[in-house]
Every structure is written in structure tokens, then in C-alpha cells.
Amino acid sequence: MLNRMWQAGVAAAVIAAAASGATAQTQGTIKIGVLHSLSGTMAISETTLKDTILMMVDDINKKGGLLGKKVEAVVVDPASNWPLFAEKARDLLSKEKVAAVFGCWTSVSRKSVLPVFEELNGLLYYPVQYEGEESSRNVFYTGAAPNQQAIPAVEYLMGEEGGAAKRWVLEGTDYVYPRTTNKILEAFLKSKGVAADDIKINYTPFGYSDWQTEVAAIKSFASGGKKTAVVSTINGDANVPFYKELANAGIKAAEIPVVAFSVGEEELAGIDTKNLVGHLAAWNYFESVKNPTNDAFIKEWHDFIKNPKRVTNDPMEAHYIGFKMWTQAVRQAGTTDVDAVRQAMYGQKVKAPSGFIAVMNTNHHLSKPVMIGEIRPDGQFDVVWQTKEAIKADAWSPYLLEDKGKIADWTYPWVCGNCTEAKYKD
Amino acid sequence: MGPVVTVRLLRWVGIVLLLLASSVSARADDFATLVGDLASDSFADKERAVTALGVLDDPRAVSVLQALSEGRLLKTTDGRVVISKIAGGTTRVRDAVTGEDIAGADPDRFDRVIVNNRLRGAIEGALAALTLFSIDRDARLVAARDALRHPSAGEAALLEKAIAVEQDPEIRAAVQLSLSAARLVSGSRQERLTAIRALGTTTDPQIKNLLDEFRAAPDTDPELKKAADAALTSIGNRLRLVSIAANLFQGISLGSVLLLAAIGLAITFGVMGVINMAHGEMIMLGAYTAYVCQQSFRALLPADWIDAYLSVAVPVAFFVAGGIGVALERSVIRFLYGRPLETLLATWGVSLILQQAVRSIFGSPNKEVSNPSWMTGGFDPIGGFTITWNRLYIILFCFIVLSVLALILSRTSFGLHMRAVTQNRPMASVMGIRTARIDALTFGLGSGIAGMAGVALSQVGNVSPNLGTIYIVDSFLVVVFGGVGNLLGTLVGALSLGIVNKFLEPVAGAILGKIVVLVAIILFIQRRPRGLFALKGRTAEAEA
Amino acid sequence: MPALPGGQQKGAWSPRFWASFLACGVALAVAVPAFNHWVPPDSPAALPDYLVPLLGKYLCYALLALSLDLIWGYAGILSLGHGAFFALGGYCMGMYLMRQVGTRGVYGNPLLPDFMVFLNWKELPWFWWGFDHFAYAATMVVLVPGLLALVFGWLAFRSRVTGVYLSIITQAMTYALMLAFFRNDMGFGGNNGMTDYKDILGWDVHQSSTRLGLYIASVLALGLGYLCCRFITASKLGRVLLALRDAESRVRFLGYSVTDAKLFVFTVSAVLAGIAGALYVPQVGIINPSEFSPGNSIEIAIWVSVGGRGTLVGAIVGAVIVNSAKTWLTGAAPETWLFVLGTLFILTTLVFPRGVVGLLRRPSRIRTRAAARVPAGERA
């Protein structure tokens, strides 16, 4: 009998514990949620973003808070587990009643929480470059869309300055971001007259660690007599062994440049870059950019994290922009109410560490500059090319057939993220 | 430093006279203008300046171009171009044009002249033509080989001059090959025919492409075409053999990585029967030990000692991981003997704690562990097939570890006691063996080997708190496939998995290849439910 | 022939059992919905909406743990790939839910799910046929994991693969499936899996009433699963299983068909796991290949251990304790929760080797204890 009573007791205790948490509401603070994996495979990248938001919160509280209240960050650990992301998102919105959530890295984590945010009308600020093909009313995408990263990078490599590449290897991890990017790039390259024989697409699994065969294949593909470039959408963990193999196999940037979309300063900090000099990355921000906003940003980061060797990177800058925009929108709206803040977000401008003014567009994506950097021996990037002005992100790609005519615009008369005709007509 | 520079300068003067006796002598003001142009904001201007410097035949150009490619060319606030050089721990700055030292200048305050890949290519081209005559043997060899990539009439002339003065047989051969390639594109009919025959004896995909293009050209002479066909067939045959050799090497390399990851587990799991889920974390601890050793070397010892950090890291990792293994055995695992499946639970808990501990101490992002210079890069034993040093050394290291372990098990009294305890604990105890001590040491040995494996794996992969989880599944598969409790089985299992995987990969792709291997293992276990090398008799039953 | 599940043990179906079983059932199936649905939301006694799918998720995990306990606790088969059956059940349900999305997907294709449009597929692959019918999908939820278990088990048990060998090849199975499902070319959505469901049987999955329905379905599934496991373990077959867990060769020598008995429970267990997965997916809203990861399967074994291996209730308790601890700690101590969980696992093995339930139970059941004393050589 005892065990059954005990079983009932456990269930009751769980319910009670959770319910009591829900009633403990703090007065006089504005809560925001931080939904980044602090353990599991994605902790490598996401922990830094959690710290970035904590730094921003610290900063705003030092300056007197928001609407006269203190901002409080509610940090949870979704542990690189996608269903747990959805569960934690629900928890943050329903139980903690946060005003906005800053979080997610992988596409699948975003896809997992998206229905929750739409159902409970929350606000998510998503700071990572991604595949596009989405514009949700409840998400602000502060990372790059493909047209702000992939296409300019390939254009650069096709041009004289980038080495006039004629033959392309599209090397990626098998998931939706590389698949989309490569699909767009393939269409783009073909539109520029590149023959199908001159494009090699290859996918490897997550965390792939033995790159011998692939690197040898790249080398032999590149010996075809035409200038060859590699476009890498290899994700996270797999990059370190990839670059180690690349460096030791003697693939020099001047012969076969590799441009990566998922490798920034943080990733390079884990790799010896002496033999990788000249390989490229495309982002909207590099730490080596010189301007007062960036200097202040880097200094603030070093002071906060108490380690002058920690680097900054593009997703951190995206969070910086996102958080600033959210605070500005809250001030403008005079409330943290999601609908009011969303309206106030459109057209919001922030002086970004990239040295440009980032603007939130009505498709929930940013206008940001595109920069191409070459790896330096010290693990930083030299910006070798950048756009003259900020580029507006396309939620839907003009190079994809299925996106034809799609518009994302959350203002009158469209008010929709995925339409071919306006919602309201006069 | 001084005499070398003088010799180099004298040599330079000689070359300049030899090559371009007819050209006008270099004018100092040209040089100054071009160096000034290097600091321009436009890459196009910089490239023009580089190309011009390459043909200016001013000996000072070499050091300027080298500084530019190495990121040591700086622009001062007042527009002067200077070269910084780290010598003896201090940074010296000197004017790029006049060469005079600038005392008390802080190079950090100057802007670096930025290069891009195109410019880097131009610099290499400019330097390569000149380094064909360098006094540095390696530089000449590289230049001679590089020349193969851009065959042209101009290059043929340059290479002819080079081969006339070259003494070193290896470099002569390289120059000769590049010369053949250059003559193929620019020579007379007879020269071309000779060149095709010479090129046909090589094994290099680049030359194959060159010949392919030559053959495909519409105006090729039929006889030359026939010769090219013969050459292509012969190259193609050899390239097929090379690709088999390359697959074999890659397979052995993958196998040795699997083997290294699994040897420790072959002891803790195979011999002791502990389902040791914390095995991967022991590998991770080894990798972090390598990181800490490297950082200590960088911080405490002279810069040229850094190449030796691995020789310290390997033993330290053995003792760190081994020590943690002993502590783990004494505090947790010794209570669980005879309950193998419960060790799964406890060691899983240990692995969670170790992962989080490392994350708390070192932070989540990857740590950088660099190859020492002797493990950097690779060599081509034959065209189109690169053997990288780090993988070669890991194969060697792996076999050394395995041999030493086999010796310990078969030739030392500790090994004897260990086997006795695992085969029949009560009897061993009766014979006066201190079983508890042997247990602790055995577990420590297995963990220590995992630690050493971690040092080796840090040379090919990432160093992060998740490192262990990458290897744990494969390690268990290798041990089980080879037959639990059998070192030879682990060896054969790891190598065959590695080789099969690498031969499948080009055909089926990385993911499908791996799936095929996994399914094959599952089916194989049906045929031999105790692995490749099953133990026989009563002990075999006990191992389950 | 396996010993047929007849000859139930005395006391297994006593009125006392039924009373406590029904009490728990009512508490879970009636009280929770009542507090959620009829108590006004601002009352302190109200059960907030977000807890309902959370509790539903725990119950699915509990059913999964129960299925593993049936084979590990009673037949000594430690499957380290049980997550595979769970995930396959989940995928079958996910495919049904994706087909229900219809034209409401991003690309508005009436036939193809978004990820197929995206990969430029022109028609639905054959293995997706029929998944627009719930009955077909529900059959597949049972059939797919069941058949896989039948084939896999037949191969393994026939050739007497036991102990860690079996554990490791089950792990290899789930690992291979994970890699396969990660491939976008497989037609199951790759890493992103399937998400953003709209309807189940015509009801909107985002409605709290649908959630309550799914929750109640989970309670029923768990209750029925429990009765099924209890029926098996209390039968003559159950005793054969226990015997072969403790000394397989002796049972074989006594003339029992070990292979058939094992195959039967292994398949039943896989089906239960599949059903758990099918109920899990609409409640958490996503199915993705990481459900196949070997780590997830190891965790299932840990729930069972924490609760108490070889006690059906223990599996349920273990799953609920570990998962609610995880929910609580990832919010309350996001930076240190792995320390707490790891310590919990170590302490459980050292201090309560028979799990939470074993700790609470009177030491009357000697047989599990006796099992620990059988010399290692006789244990599978």
C-alpha cells in the first residue's frame, strides 16, 4: 500500500511545487527569458549568448532600469534537447510571464519553440544567421538571412578581388540551414553561368570528426584546372577537425579559399589558425572592426566576463542589437505588452558595433552590412570587403522557385509573414 | 643573422645581373613609390605595386613582400611604411624603404597593411619566381613544385635557367617536371612529345588535368594526341592504385583513432566488466591536460620549447586520468562488482559530473590545442595522396601504447595478478593477491590509457566538454565487436571498422557508410555472439 | 512454445490491488483535469494550463520506462536502444500529424509536407501513404516498433546474444537509426524533424481541451500498459522470465524455449514504447532524430534504476522523479543541475541499490534479492 500512496504523493508534490512557483511573482521588475543551452552539444556556442544577455541586463539596470523597473533575466537550461526547448519556452511564457525571450541557436530549436510563441503570443529574439524561409509574428530575427551572408560571399569569390573562382564545392552539415543555403547558392551560381559539373555538393552528419576522405575529395576536385572555392556551412563541433585536416593537408587559401558561414571568432578560438590564414568567413560583424561603439562593446564584454581574452562575435552583436531594440521599443510603447512592443519595433534603429545603423524592418528581419573577413594568424579576421550600406534581409529568397511572389510584411495592408497577396484590400 | 643576410644579398645581386642584365638598373625612387602604394586602401593598387615590385629586381623587395604576406608591414600615422620584426622577444620596427631602425616605436599603434587572397597569390607568384634561386633549399623545392601550377612560356625560360644552375637532384627533378609541363603548353612539337612522355611517368591529378586539356584542344596534332592518350592511361592506372593506398591509409588512421579511444575501455569494460560510461570523460580529461600543458609551456617556458609540450602532456595525462580512475574505483565502483549493469548508472552519473565540472572550470567553448611543428602539415609520398604528420604519429603512438600494454599484461607480475583477479577473484585472493589494490590499479590503468588517448585525439579533433560523448558509442562497439576481454580483438576490430568505413565512404557517402558499418556489426554479432575473438570456456560465460 | 500467460499468481489481482490502482487512476485521470478545467484559473488550487502537457509528457516517459522494466527487470534483457521504438512510434504519429497540416504549411502544398517541397520532391514517397488516416497511423504505431523488435529480437535471441553484447547491439541499432533519420534524403524531415502540428482527429492541438484529452489518453495508456505488464509478470510466463533472468542456461536445460519467451516480451515492450512515443509527440509538439540518440536510451535505464528495477511501479516512479527533477533543476539551477543529477544517480546505486520503491517496500520479496546472490557466471 505504501508504495502506491507514495506514488500519488510524488504526483501531488510535483503539481504543488510547480503551482507554488507560478504564484511567486516579483513586483517592480520586468522579467525577460534567456533560452540558451548551457549543457549538451550546443553549450559550446550558446553559453556566450546567455552571458551577453546578462551583460546587457546588468548594463541597463546600472543605468536605472526600464520604465523605472529593474530588468530581471530568467535563465533556464534547455540542455540542447529540442522538446525541452518547447517545454522551457512554455514555462517562461506561462509561469514566469516574461516580457520577451532571447534565445535559440539551431533551426530545430527555433522550429520547436515557434508554435509555443505563436500560441501564447510571446516575443522571441533569435540572434543567429539562419536559412530564412520564415517570418513569424512572434519572432524578431536579428541574425543574417541568406542574402546577407551567403550570396555576397559567393559574389566576392567570383569577382576579381576574391580570386575569380569558377568551380565550387558546397560542403555542409546535413540539416536545414546548409540545405537551404546550398539550394539558394546552387540556383544563384547556375544563374551566373556556372555549369552543373563545376558544383559539388556534399553533406556530412553532425559532429563529424574524420575529414580525411572529404578533404582529399576537395583537393582532387580542385585539381580540375579551374580556380576552385569551398563554401562551408559545416556546423559547430565538426569545424575543428575539418580545419585541422585542411591545414595539415596543405590547402592554402590562395589556392583553394574556404569561406564559412558558421565560423566566427568564438569558433576560431578553439583552432590553431596559423596555417589557416586567408580562409574566409562572411558575417555582419567582426570583432576587428574599428569604431567607438565596437570598442565600447568589447570593453564592456571584457569587464563583464572578467577575461580580456574572450572574443566577441556576430551572434553576440545580434543579441546586442536585439536587446537594445527591445528596450527602445518598450520605452517607446511605455509598456512591455507584446502587441504594443511589436508595433514599436518596426523601424527601430540601433547604432551597432559593426559601425552601421541596424534597422528593424517590417518583415521582422534586420538591415545589416555584409562583411567578408580573412582569417589572421591570431584568430581574428581582417575585413577585406564590405557593403557600402546595410542590406535588408529577405525572409523569402528570390532564387527559390517555391518562394516566388512571397511577401513578409507585418504592417498594413499586408500584415502577414507568408503571403502572395495583401490581407487587407481597399 | 648578419652573414646570412650578406650572402643572400650578394646572391641576389648575382641573380639580378644574370637574369636581367639588359634591363635598366632599379631606381630607388621607383621602389619608394611602389612601397608607398602597398599601403594604399585599394587592393587593386596594392596588387599592381606587388607585381611591379616583383619585376623591379630590387633586392629590398623580398623582405618587403615577405613582411606583407606575414602581416608585418605597417603604416604609421604619418603615412610611412614600416616593417616590424620580432627578434629575441622584442619587436623592432624599421623603415621599409630606407631600412633604418625607428627607435621607441610601438607597432601596436600602427595600422597593419591588410592583404587578401588574391594579393597573397600575387605575392607568392612574385616571390616564387625569385625564390627559384634562393639559397634556402626548401624554398627552392617549394618554388620548383609550385611552378607546375602555372605553366607558361615565360616560366619555361625561367626554369631552363634554374635547371642550369641547380645541383640538388630532388630539386632538379621537380624543376624538370615543371619544365615539361611548361613545354607542353609552349614548346615546339618535338619538345611537346618529349614532355608528354616525361609527364606520362608521373602520378599527379594536376598533370592528368593538364594532359586532359591538352588532348581536348581542337588543334592538337594526332600523333601528340596518341602520345597523350597513352600517358593518360598510364597515369590513370597509377592513380587508381594511389586511391586504394590513400583509402587504406585513411582507414588505418581512422582505425587507430578508434583503437586509441577503445583501448582504455578494453581494460575497464573488457577486462573488469565495468560498463564504464565515464570512459569518454577520461579521454576528455586527457585532452584538457594537453591544453593545460600547452598553456603552461606558452606561459612559463621559452617559445621554442613549445614543440616539446606533448612529451610532458602524455605522462601527465596518464597520471591525471589514472588518478581520477583510481579515486573513482575506490569511492564508487568497488561497491558494485558483480552488478555490472549498475555500474552503468553510477558511471553515467560520474560522466555528467565530470562534464559539468570541466564546463565550469574551463568554460563551454572549444579550447585550442595546436599541433607542434613536427606534427603540422604533411607530405605527398606520391602525387594526389597526402599523408598528414599528425595522423601518422597517432598511428605510431597507438601501436606503441598497445604494445606496451600487451607487455604489461603478459610480462609483469602486475599483469599476472590482474589476469588472475579478473579470471577468478576468490582464488586469486586465496593465493595472497591483494585484489582490492589490483582492482584499483587496473581501473587506473584503463583510465590512464584513456587519458593518453585524449592527448592524441586533441591533435585531430576538438577539445570541448562534449569530447567524450563523441567517442563513447564507437568505443563500446569496437570492444564488443572485437570480443570483450581480448586486446587482440580490440585491435583487429578497430582497424577493420576503420578500413571498411573508409572504403565505403567514397562510394556510399559519410553517413550511409557509417550506417552500413553499424548494421554489419549487428549482423556480425548474430553470427558470433561473443565478438570476433571470443574467450572460451567458463570464463567466457562469466564475461557476460 | 512460450509458456502461455495463464496461471496468474495469487494476490496479483486482489481487491486491495484494484482499490489502489483505481485510486491512482482516478487521481490522475479525473482530479488533474478537474483542477485544471473547472477550478477558476486565478484560484490557488487551480492547475495551470502549461502543467497539463508537462504531466502528460511524464506519463509517456513512465510508460516508456515501464516497457523497459518489463524486459530488463523481469527478463534480464537490458536494451540500450529502447528509445528507438519510442521514437518510431513518435514518427508514425508525427507523420499523421504532418498530413493533417494540409495546405496550412509554409508552402501551402496540399499533399507534401514543407520539408519535401523544400527538397523539390514531386510526390509523396510510398512509406507516407496512408498516414492521412488516423486508424492507419495508429496501426503503424503498433506495427513498426513491434515488427522491428520481432526481427531484431529473433536474430539476437535465436543466436543467444545476451548481456552486454545485446545491450551494445541495441545501442548500435538506435545509433544507426539516428544517423539514418538525420539524413534529409530519408524523407522524415532530417534534423528539424516534424513540428508545427495543427490538428489531431480534427481537434486543434493548441486548445487546452485537446491537451486534456491527450493527457487523459496518456493516463489510460499508462494504466492499460501497467495492467498488461502486471498480467505478464504475474503469469507463468512471468516466472519463466524471472528464472531466465537469473540463470538462463538452467532454464534452457529445463526445456523451456527461452528464445520464444524473450521474443514475446521484447515485442510487447517495443509496442508499449511505440505507443508512449505516439502519445508523446502531440504533447511536446516535435519529433526529431535526437530521440534516437544512445544517450536518451541510457537515460531510460536510469529512470528504471532510480525507481527500482523489477518493480513495475518503480519504473513509473523513477521516470516521474528523474524527469520532474530535470524540469525543476534546469530552471532553478541551470548552471549546476548536472552535478545534482549525477550525484543522484551515483547515490541511488550506492545507497538504494533497489531504487526508491525498493527502499520503501518491505523486504518480503526475496526473489529479487536472491538474484543478486547468484554467482556472476550464471547471470545474463
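Keep in mind it's a predicted model, so treat the numbers as computed, not measured. Order of the sequence lines fixes the chain letters, A, B, ..., with proteins taken first and strands second; residue numbering starts at 1 for each chain.
For chain B, the option among E335(C), R158(C), E299(C), R183(C) with the highest count of heavy-atom pairs below 4.5 Å is R183(C). Ranked by heavy-atom pairs under 4.5 Å with chain C, the list I521(B), V517(B), L512(B) is led by L512(B). Per-residue counts of heavy-atom pairs under 4.5 Å with chain C were compared for T469(B), V519(B), V332(B); the largest is that of V332(B). Interface check for chain B: of the options I169(C), L166(C), L344(C), T349(C), the most heavy-atom pairs under 4.5 Å are formed by T349(C).
In this structure the side chain of K514(B) reaches within 4.5 angstrom of the side chain of D474(B), judged on heavy atoms. F362(B) is not listed as a side-chain neighbour of V463(B), based on a closest heavy-atom distance of 4.5 Å or more. Counting only heavy atoms from C-beta outward, the side chains of I353(B) and L338(C) never approach each other to under 4.5 Å. You'll find the side chain of V274(B) stays beyond 4.5 Å of the side chain of F269(B), heavy atoms only. R252(C) is listed as a side-chain neighbour of R160(C), based on a closest heavy-atom distance under 4.5 Å. Contact annotation: the side chain of S79(C) approaches that of I71(C) to within less than 4.5 Å [non-hydrogen atoms, C-beta and beyond]. Between F533(B) and V492(B) there is a side-chain heavy-atom pair separated by less than 4.5 Å.
With a 4.5 angstrom heavy-atom cutoff, S360(B) touches chain C only via side-chain atoms. Heavy-atom distances place no part of S364(B) under 4.5 Å from chain C, backbone and side chain included. Proximity to chain C is limited to the side chain of I275(B), based on heavy atoms less than 4.5 angstrom apart. The parts of L155(C) that come within reach of chain B are both its backbone and its side chain, each placing non-hydrogen atoms under 4.5 angstrom from that chain. For L78(C), the part sitting under 4.5 Å from any heavy atom of chain B is the side chain, from C-beta outward, and nothing else. For L344(B), the part lying under 4.5 angstrom from a heavy atom of chain C is the side chain only. If you measure heavy-atom distances from L354(B) to chain C, you find no contacts under 4.5 Å at all. Both the backbone and the side chain of I525(B) come within contact range of chain C, with heavy atoms under 4.5 Å apart. Heavy-atom distances place the side chain of W72(C), and not its backbone, under 4.5 Å from chain B.
Cation-pi geometry between R425(B) and Y337(B) is met: under 6.0 angstrom from the ring centre, within 45 degrees of the axis.
Of all non-hydrogen atoms in A287(B) and L467(B), the two that sit nearest each other are CB-CD2, 3.4 Å. Of all heavy-atom pairs spanning H417(B) and I438(B), the tightest one is CB-CD1, 3.5 Å.
No option in F182(C), F86(C), Y91(C) other than Y91(C) meets the side chain to side chain contact (heavy atoms under 4.5 Å, CB included) test with F292(C).
For a heavy-atom cut-off of 4.5 Å, chain B lies close to Q171(C), A172(C), M173(C), Y175(C), A176(C), L179(C) in residues 170-179 of chain C.
The ring of F188(C) has its center closer than 6.0 angstrom to the ring center of F127(C).
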